[in-house]
K.L.:
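If you scroll down you'll find the structure; I have some questions about it.
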Amino acid sequence: MVDPNLVSGVVWVLCGLAILGLGSLIAFRGRVDLHANYDESVDPAHVSRWAGGTALLMGVLVVAYGVREIRYGFQPRLLAGLVVALLVLSYLSKLFAGGFGADD
């Protein structure tokens, strides 16, 4: 029988790697058009730097959570913390894609 923590952790790691893949395209390749909330009037370099960096941070957090769940098992408080962190970072990413902090 397969340990449910292993299955869940692997799913989290795969999701985190997908987030890292999209984040790296935005941050390093300048593909800001991949961001759903990208405003075309904003400097692409700004969006690439800040929204891409935020996406990379989200991916690292998800991968770290998945690895932690594989090694030590499920803990509801850590999952709640991850969900709150992802909601806050997602909101920040939307702000950056819309031009928050860009010099006009």
Side-chain angles (χ1 to χ4, degrees):
M1 190 80 138
V2 177
D3 183 23
N5 293 322
L6 177 66
V7 174
S8 177
V10 168
V11 169
W12 281 108
V13 168
L14 292 175
C15 290
L17 291 175
I19 295 169
L20 280 172
L22 287 172
S24 65
L25 284 174
I26 294 171
F28 303 127
R29 301 281 176 125
R31 294 289 313 271
V32 294
D33 57 318
L34 294 175
H35 198 290
N37 298 95
Y38 173 57
D39 183 4
E40 294 179 3
S41 65
V42 180
D43 179 28
H46 171 77
V47 175
S48 178
R49 183 179 316 114
W50 290 101
T54 305
L56 290 174
L57 179 59
M58 291 168 68
V60 167
L61 286 176
V62 172
V63 168
Y65 176 80
V67 170
R68 192 249 169 247
E69 187 169 321
I70 290 170
R71 295 190 73 195
Y72 302 111
F74 174 73
Q75 282 195 337
R77 287 185 179 172
L78 289 178
L79 179 60
L82 175 68
V83 169
V84 168
L86 290 177
L87 286 171
V88 169
L89 289 171
S90 173
Y91 181 72
L92 283 175
S93 178
K94 289 177 186 177
L95 286 178
F96 291 136
F100 178 75
D103 295 331
D104 289 330

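If you're wondering where the values come from, they're calculated on a predicted model, not measured in any experiment.
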K.L.:
Would you name the heavy atoms of A27 and S48 that are closest together and state the gap between them?
P.N.:
O-OG, 3.0 Å
K.L.:
L86: which residues meet the side chain to side chain contact (heavy atoms under 4.5 Å, CB included) condition with it, sequence neighbours left out?
P.N.:
M58, V62, L82
K.L.:
With under 30° as parallel and over 60° as perpendicular, where do the rings of F96 and H46 fit, or are they tilted in between?
P.N.:
perpendicular
K.L.:
Just jot down the side-chain hydrogen bond (donor to acceptor under 3.5 Å, both in side chains) partners of R31, sequence neighbours excluded, or say none.
P.N.:
D33
K.L.:
Determine whether W50 and L95 fall in the same hydrophobic cluster, where Ile, Leu, Val, Met, Phe, Trp and Tyr are linked whenever their side-chain heavy atoms lie under 4.5 Å apart.
P.N.:
yes
K.L.:
So, using salt bridge (Lys or Arg N to Asp or Glu O under 4.0 Å) as the criterion, who are the partners of R68 when residues are at least two apart?
P.N.:
none
K.L.:
For V60 and I19, what are the C-alpha separation, side-chain angles and deciding distance, and is it a side chain to side chain contact (heavy atoms under 4.5 Å, CB included)?
P.N.:
CA-CA 8 Å; V60 167; I19 295 169; over 6 Å; no
K.L.:
Taking S24 for the side chain and G21 for the main chain, is one N or O donor matched with an acceptor at less than 3.5 Å?
P.N.:
yes
K.L.:
To the nearest 0.5 Å, what is the distance between CG on L20 and CG on L61?
P.N.:
9.5 Å
K.L.:
Looking at Y91, I want to see if its OH is surrounded by more than 12 non-hydrogen atoms of other residues, nucleotides or ligands under 6.0 Å.
P.N.:
no
K.L.:
Go through the structure and list residues passing side chain to side chain contact (heavy atoms under 4.5 Å, CB included) with V7, not counting sequence neighbours.
P.N.:
V2
K.L.:
Under the rule for side chain to side chain contact (heavy atoms under 4.5 Å, CB included), what residues qualify as partners of V11, not counting sequence neighbours?
P.N.:
C15
K.L.:
Assigning hydrophobic clusters by single linkage (Ile, Leu, Val, Met, Phe, Trp, Tyr; side-chain heavy-atom cutoff under 4.5 Å), is L14 placed with L6?
P.N.:
yes
K.L.:
Nearest 0.5 Å, please: how far is CG in L17 from CG in L22?
P.N.:
11.5 Å
K.L.:
To the nearest 0.5 Å, what is the distance between CG on N5 and CD on Q75?
P.N.:
10.0 Å
K.L.:
Quick check against the 3.5 Å criterion: does S93 have a side-chain atom that pairs as donor or acceptor with the backbone of A55?
P.N.:
no
K.L.:
Taking only residues two or more places apart in sequence, or in another chain, which ones meet V83 in a side chain to side chain contact (heavy atoms under 4.5 Å, CB included)?
P.N.:
L79, L87
K.L.:
Are L89 and L56 connected, step by step, through hydrophobic side chains (Ile, Leu, Val, Met, Phe, Trp, Tyr) whose heavy atoms are closer than 4.5 Å?
P.N.:
no
K.L.:
Should W12 and L57 be regarded as members of a common hydrophobic cluster, given that ILVMFWY residues are connected when their side-chain heavy atoms come within less than 4.5 Å of each other, either directly or indirectly?
P.N.:
yes
K.L.:
Could you name each residue pair satisfying side chain to side chain donor-acceptor pair (under 3.5 Å) that touches residues 52-66, not counting sequence neighbours?
P.N.:
Y65-E69
